[in-house]
Amino acid sequence: QVQLVESGGGLVQPGGSLRLSCAASGLTVSTHAMAWFRHAPGKEREFVGVHRRYGGMTYYGDSVKGRFTVSRDNTKNTGYLQMDRLKPEDTAVYYCAVASGSPTSSYLRYASTYDYWGQGTQVTVSS
């Protein structure tokens with residue numbers, strides 16, 4: 001049984017940083033693409049970033065490029081989303097997701113590509 005457990009959300013001031021974790025069980029993160037999405041009230045779910053399997057190439061949504069970094073620790077079977085220079089518009093519930101198959105890069109930013117999802121963690125950026 002696959003389970004993704006997120007942690008690390010919270011309240012942070014604009015310009016601050018947070019690191020989200022996504023601990024996986026039931027699968028090996030290094031052999032799967034792991035992505036992050038976010039969902040803010042009144043907005044559509046938004047692609048944040050993805051860490052491809054094996055070689056580990058990463059891709060990011062335009063709104064977070066240069067500020068957010070996805071990574072993973074294979075020894076801990078955990079993925080991470082490092083968020084720097086946070087803005088109030090980054091406020092949302094953040095989700096990690098894993099694809100069971102081998103999606104091509106064209107599909108990595110679509111939520112429908114992913115089969116397993118974490119429970120979500122709230123990130124609030126406010127002074």
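Not a single side-chain hydrogen bond (donor to acceptor under 3.5 Å, both in side chains) links Arg85 to another residue, sequence neighbours left out. Remark: Arg45 pairs with no residue by the salt bridge (charged side-chain N to carboxylate O under 4.0 Å, His left out) rule, at least two apart or across chains. Here Tyr116 pairs with nothing under the ring pair (Phe, Tyr, Trp, His ring centres under 6.0 Å) rule; sequence neighbours left out. Residues that satisfy the ring pair (Phe, Tyr, Trp, His ring centres under 6.0 Å) test with Tyr95, not counting sequence neighbours, are absent from this structure. For the side-chain hydrogen bond (donor to acceptor under 3.5 Å, both in side chains) test, residues two or more places apart in sequence or in another chain that qualify with Gln122 are Thr124. Not counting sequence neighbours, the partners of Glu46 by the salt bridge (charged side-chain N to carboxylate O under 4.0 Å, His left out) test are Arg38. Judged as a salt bridge (charged side-chain N to carboxylate O under 4.0 Å, His left out), and not counting sequence neighbours, Lys87 has no contacts.
Counting only residues at least two apart or on different chains, no disulfide (SG to SG under 2.5 Å) pair has a member in residues 57-86. Listed by first and then second residue, the ring-ring contact (aromatic ring centres under 6.0 Å, His included) pairs involving residues 21-43 are Phe37-Phe47, Phe37-Tyr114, Phe37-Trp117 (not counting sequence neighbours).
Annotation for Tyr60 and Val70: closest pair OH-N, 2.9 Å, computed over non-hydrogen atoms. Scanning all heavy atoms of the two residues, the minimum distance from Thr121 to Glu6 falls at N-OE1, 3.3 Å. Counting all heavy atoms, side chain and backbone alike, Val29 lies closest to Asn77 at N-OD1, 2.9 Å.
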Listed pairs under 3.5 Å, donor-acceptor, residues 100-110 side chains, sequence neighbours left out:
| unit_1 | atom_1 | unit_2 | atom_2 | d |
| --- | --- | --- | --- | --- |
| Ser100 | OG | Asp115 | OD2 | 2.6 |
| Ser102 | OG | Arg53 | NH1 | 3.4 |
| Ser102 | OG | Arg53 | NH2 | 3.0 |

Sequence neighbours excluded and cut-off under 3.5 Å, please list the side-chain donor-acceptor pairs for residues 9-28, or say none.
| unit_1 | atom_1 | unit_2 | atom_2 | d |
| --- | --- | --- | --- | --- |
| Ser17 | OG | Asp84 | OD1 | 2.7 |

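Linking Ile, Leu, Val, Met, Phe, Trp and Tyr residues whenever their side-chain heavy atoms come within less than 4.5 Å leaves Tyr80 and Met34 in two separate clusters.
Using a 4.5 Å heavy-atom cutoff, the side chains of Leu4 and Val98 are in contact. Between Phe68 and Thr58 the shortest side-chain heavy-atom distance does not fall below 4.5 Å. For the pair Leu81/Val48, a side-chain contact is recorded, criterion being any heavy-atom separation below 4.5 Å from C-beta on.
Heavy-atom neighbours of Lys76 NZ from other residues, nucleotides or ligands within 6.0 Å: at or below the threshold of 12.
In this structure, the separation between CZ on Arg72 and CZ on Arg52 is 10.5 Å, given to the nearest 0.5 Å.
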